[in-house]
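This report refers to the structure that appears directly beneath it.
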There are 2 protein chains.
Amino acid sequence: MHTLSKNQQIIFDLIDKSPEPMKAYAILFNVQKKGIKAPLQVYRALDKLVEIGKIHKIESRNAFIACQNSSCQVSKATAFSICEICEKVTEISSASLSKYLTNFKDKDGMKYSKYNLEFFGLCKKCR
Amino acid sequence: MHTLSKNQQIIFDLIDKSPEPMKAYAILFNVQKKGIKAPLQVYRALDKLVEIGKIHKIESRNAFIACQNSSCQVSKATAFSICEICEKVTEISSASLSKYLTNFKDKDGMKYSKYNLEFFGLCKKCR
DNA sequence: TACATAGTGTTATATTATAACAATTTAAAT
DNA sequence: ATTTAAATTGTTATAATATAACACTATGTA
């Protein structure tokens, strides 16, 4: 298991406590009192946390969320649902979905080592 | 059917001819000789073209690609393969994939109206 | 101890995207 | 034809997201 560095731990804790995905500059603002002053310090920690699978980037939102899937050491197969009204994001952990996508072959028979899927719609509260 | 405005047509033609996804400022640079001078003019056309399904945004790359799927009037269900070395991007049109994802229900039984899927790996040339 | 690797701090800058406002064009409806 | 609404354009300024480059420090390990 990976032991996080100081900045990585500070930033992971913040994201992990957040009920919604956090943007890089919102993270920066929040950790300034802890001595992390520059965007680059944030982005470096984010890059590493993504790399080791502790957080995921929601690409369509440029925001970061803690991995909800305890078994997910490295982010090779991610799926999220996103509410287009309240912006609530939930990580989907469906064995059948991940199995389907991991085994998916394109028309040339190519398989891919990694995927990211984002579903959009309205959450229960918003419909 | 939608008839494109002048700026939309110029920008669509450029993206459509491009063998790879184009970024907004690369588009801007290319259309400056045609009188489109400002980023906002590009982004407005891009927004509209995405909205009507003529192009798609590759979220992980902040780049735009013409829709390869002639039946795809509106982009509610998109899937791409992305080569992590040469950055070649291909739109996947697989009836079984789109059927699977369109019908996918999360653990609360929720169905979603839209999705975007990006597969990553190495293309034939790059492996 | 030396060496490599990863992490930090800092300044500057690049890249991606939108706000706000005024004018013009287009399409449709009287 | 004339009015009206909606979409599009043009423009300046600025916001938001992300990386380059360089010097230094900590950590693990041979």
Side-chain angles (χ1 to χ4, degrees), chain A residues 1-15 18 20-65 73-74 82 84 87 89 116 118, chain B residues 1-15 18 20-65 73-74 82 84 87 89 116 118:
Chain A
M1 191 55 187
H2 226 282
T3 153
L4 300 182
S5 75
K6 181 174 67 96
N7 288 1
Q8 289 160 14
Q9 189 69 58
I10 290 168
I11 287 172
F12 175 72
D13 288 344
L14 178 65
I15 296 172
S18 171
E20 69 248 348
M22 292 194 77
K23 297 186 153 233
Y25 278 71
I27 293 167
L28 176 58
F29 179 80
N30 268 274
V31 296
Q32 270 171 337
K33 45 186 174 272
K34 301 217 163 134
I36 296 176
K37 290 174 198 148
L40 196 45
Q41 295 175 287
V42 172
Y43 279 104
R44 283 195 288 224
L46 289 173
D47 284 351
K48 191 65 181 191
L49 290 167
V50 167
E51 185 190 324
I52 64 179
K54 297 285 288 181
I55 64 173
H56 305 303
K57 183 173 187 181
I58 309 301
E59 292 286 357
S60 66
R61 299 298 186 260
N62 298 318
F64 300 86
I65 191 175
Q73 300 289 355
V74 176
I82 302 172
E84 291 185 296
E87 291 291 328
V89 174
N116 179 56
E118 298 180 6
Chain B
M1 192 51 189
H2 226 280
T3 151
L4 300 182
S5 75
K6 182 176 67 95
N7 288 1
Q8 289 160 14
Q9 190 68 60
I10 290 169
I11 287 172
F12 175 73
D13 288 344
L14 178 66
I15 296 172
S18 171
E20 68 248 348
M22 292 193 77
K23 298 185 153 233
Y25 279 71
I27 293 167
L28 176 58
F29 179 81
N30 268 273
V31 297
Q32 270 172 336
K33 43 184 174 275
K34 301 217 163 131
I36 296 176
K37 289 173 199 148
L40 196 45
Q41 296 175 286
V42 173
Y43 280 104
R44 283 196 286 224
L46 290 173
D47 284 351
K48 191 66 181 188
L49 291 167
V50 167
E51 185 192 325
I52 63 180
K54 298 284 289 180
I55 65 173
H56 305 303
K57 182 173 186 181
I58 309 301
E59 293 287 357
S60 66
R61 299 299 186 258
N62 297 319
F64 299 85
I65 191 175
Q73 299 290 355
V74 175
I82 302 172
E84 290 186 296
E87 292 291 326
V89 173
N116 179 55
E118 298 180 6

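Throughout, a chain's letter reflects where its sequence line sits, starting with A, and its residues are numbered from 1.
- In this structure, the CG atom of B:Leu40 is 14 Å from the C1' atom of D:dA7, given to the nearest Å.
- If you take CG of B:Leu28 and P of C:dA14, they are 16 Å apart, rounded to a whole angstrom.
- Projected onto DNA chain D by closest heavy-atom contact, A:Ala24 and B:Ala38 fall at different nucleotides, the more 5' of which corresponds to B:Ala38.
- A distance-only check finds a donor-acceptor pair linking the side chain of B:Glu118 to the backbone of B:Glu59 [under 3.5 Å].
- Comparing C:dT8, C:dA17, D:dT8 by their nearest atom to the side chain of B:Ser5 picks out D:dT8.
- In this pair, B:Tyr25 lays its aromatic ring flat on the base of C:dT16, centres within 5.5 Å and planes under 30 degrees apart.
- Distances were taken from every side-chain heavy atom of A:Tyr43 (C-beta onward) to each of D:dT17, C:dG9, D:dT9; the shortest belongs to D:dT17.
- Atom CD1 in B:Ile27 sits roughly 11 Å away from atom P in C:dT16 (whole-Å rounding).
- The nucleotide whose nearest atom lies closest to any side-chain atom of B:Lys37 is, among D:dT11, C:dT8, D:dA18, D:dT11.
- Note on B:Lys6: every side-chain N or O is 4.0 Å or more away from OP1 and OP2 of D:dT9.
- Mapping B:Pro39 and B:Gly35 onto DNA chain D by nearest heavy atom places B:Gly35 at the nucleotide closer to the 5' end.
- Between the CD atom of B:Glu59 and the P atom of C:dT15 there is a distance of 20 Å, given to the nearest Å.
- Atom CD of B:Gln41 is separated from atom C1' of C:dA17 by 15 Å (rounded to the nearest Å).
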